[in-house]
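Since the structure comes first, as structure tokens, the remarks are kept for the end.
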Amino acid sequence: MRTYSIAIDGPSASGKSTVAKIIAKRLGYIYVDTGAMYRAFTLAVLRAGIDPKDEEKSCTLIGKINISFDSENNITLDGENVAKEVRTNEVADNVSYIASYKEIRLFLVEAQRKIAQNVSVVMDGRDIGTYVLQNADLKIFQIASAEERAKRRYLENKEKGLKTSYEECLENVNKRDYIDSHRAFCPLRPAENSVQINTTEMTIGEVVNRILQLAAERGLR
Ligand code: CDP
């Protein structure tokens, strides 16, 4: 059976995961949150008492830990559901260091490509259209102003019962954007044939409809 893939990339808190989840459900595809995988690796590094700024030591966990998703699509670390833990400030503050290490990226990209091998996917991240799924049937680059993204993250965290101020969210969004777009290997940038969507003034429903329309135009089923 022919399978399809949709890549959704963009900066932190640009609404990728909210939209990607809905689209996956509507099309009957699997949703793959690659950011959660980098976050889980970061959690493992912190739990091991390793400084995430220490590349060599962080890389020693490659092949020793298992990062995947359970049947309810929760991120798991060695079989444990860590969906809540990967959202903490400590993980958010350190994940972009971990995501800048090439060996760790190659380890996680291999797992991501394996998931997409035999099923249709909506995969979101930073390098899906440019690297992980270069042949994706539809590539979206989703952006929004830093202030709007910080506001969204602040409200999202509040809903999840996580304590973060708007200022902390804005600082974190800006810091990660900088590191993510300046790293040497697979930096955050739009894929050549991607469609850019600025969601600053759009509702979730509007973004979803736009992507579904693009998918239909390309014959995705
Ligand atoms: O939810 P949010 O957009 O804030 O971030 P995320 O998608 O959970 O990703 C967390 C971090 O993982 C990003 O800031 C990147 O440093 C890294 N990441 C990456 O480098 N490549 C990906 N494909 C996905 C995430």
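Start at 1 and go down the list; that is how both ligands and their atoms are numbered.
Counted within 6.0 Å of CD on Glu201, heavy atoms from surrounding residues, nucleotides or ligands total 12 or fewer; the atom is thus considered open. Within 6.0 Å of atom OH in Tyr154, 12 or fewer heavy atoms from other residues, nucleotides or ligands are found, so the atom counts as exposed in its surroundings. Heavy-atom neighbours of Lys57 NZ from other residues, nucleotides or ligands within 6.0 Å: at or below the threshold of 12. The environment of CD1 in Ile62 is crowded: more than 12 heavy-atom neighbours from other residues, nucleotides or ligands sit within 6.0 Å. Residue Glu206 places its CD atom among more than 12 non-hydrogen atoms of other residues, nucleotides or ligands, all under 6.0 Å distant. Atom CG of Leu162 has more than 12 heavy atoms from other residues, nucleotides or ligands within 6.0 Å. The number of heavy atoms from other shown groups lying within 6.0 Å of CZ (Phe185) is above 12.
Shortest contact from atom 24 (C) of ligand 1 to any protein heavy atom: Thr34 OG1, 3.3 Å. Among protein heavy atoms, atom 10 (C) of ligand 1 sits closest to Arg176 NH1, 3.4 Å. In terms of protein heavy atoms, atom 3 (O) of ligand 1 is closest to Ala13 N, 3.0 Å.
In the vicinity of Gly125, heavy-atom distances shorter than 4.0 Å reach the ligand 1 atoms 22 (C), 23 (N), 24 (C). Per-residue contacts place Lys16 under 4.0 angstrom from the following atoms of ligand 1 (heavy atoms of the residue considered): 3 (O). Listed by atom number, the atoms of ligand 1 under 4.0 Å from Arg39 heavy atoms are 1 (O), 2 (P), 4 (O), 5 (O), 6 (P), 8 (O), 10 (C). Listed by number with element, the atoms of ligand 1 under 4.0 angstrom from any heavy atom of Ser12 are 3 (O), 4 (O). Residue-ligand proximity, Ser96 to ligand 1, at heavy-atom distances under 4.0 Å covers atoms 14 (O), 16 (O). Every atom of ligand 1 with a heavy atom of Arg153 under 4.0 Å away is listed here by number and element: 1 (O), 2 (P), 4 (O). Interface of Asp180 with ligand 1, defined as ligand atoms under 4.0 Å from a residue heavy atom, comprises 13 (C), 14 (O), 15 (C), 16 (O).
The side-chain heavy atoms of Ile6 and Leu220, taken from C-beta on, include a pair separated by under 4.5 Å.
Between Asp33 and Arg87 there is a salt bridge, since a side-chain N of the basic residue sits under 4.0 Å from a carboxylate O of the acidic one. Using a cut-off of 4.0 Å between Lys/Arg side-chain N and Asp/Glu carboxylate O, Asp78 and Arg47 are scored as not salt-bridged. Between Glu156 and Lys160 there is a salt bridge, with a side-chain nitrogen of the basic residue lying less than 4.0 Å from a carboxylate oxygen of the acidic one.
Look at Gln112 and you'll find every heavy atom at least 4.0 Å from all atoms of ligand 1. A heavy-atom separation below 4.0 Å is not found between Ser17 and ligand 1.
Any N or O atom pair closer than 3.5 Å counts here, and Tyr38 shares no such pair with ligand 1. Inclusion of Asp33 in the set of residues having an N or O under 3.5 Å from an N or O of ligand 1 is not warranted. By the 3.5 Å distance cut-off applied to N or O atoms, Asp124 is not counted among the residues near ligand 1. Between Ala99 and ligand 1, not a single N/O pair is under 3.5 Å apart.
Only the side chain of Arg105 comes within contact range of ligand 1, with a heavy atom under 4.0 Å; no backbone atom does. The side chain of Arg183, and not its backbone, has at least one atom closer than 4.0 Å to an atom of ligand 1 (non-hydrogen atoms only; side chain from C-beta on). Contact annotation for Arg126 and ligand 1: heavy atoms of both the backbone and the side chain come within less than 4.0 Å of the ligand.
Closest approach of Ile8 to Val19, counting heavy atoms only: CD1-CG1, 4.5 Å.
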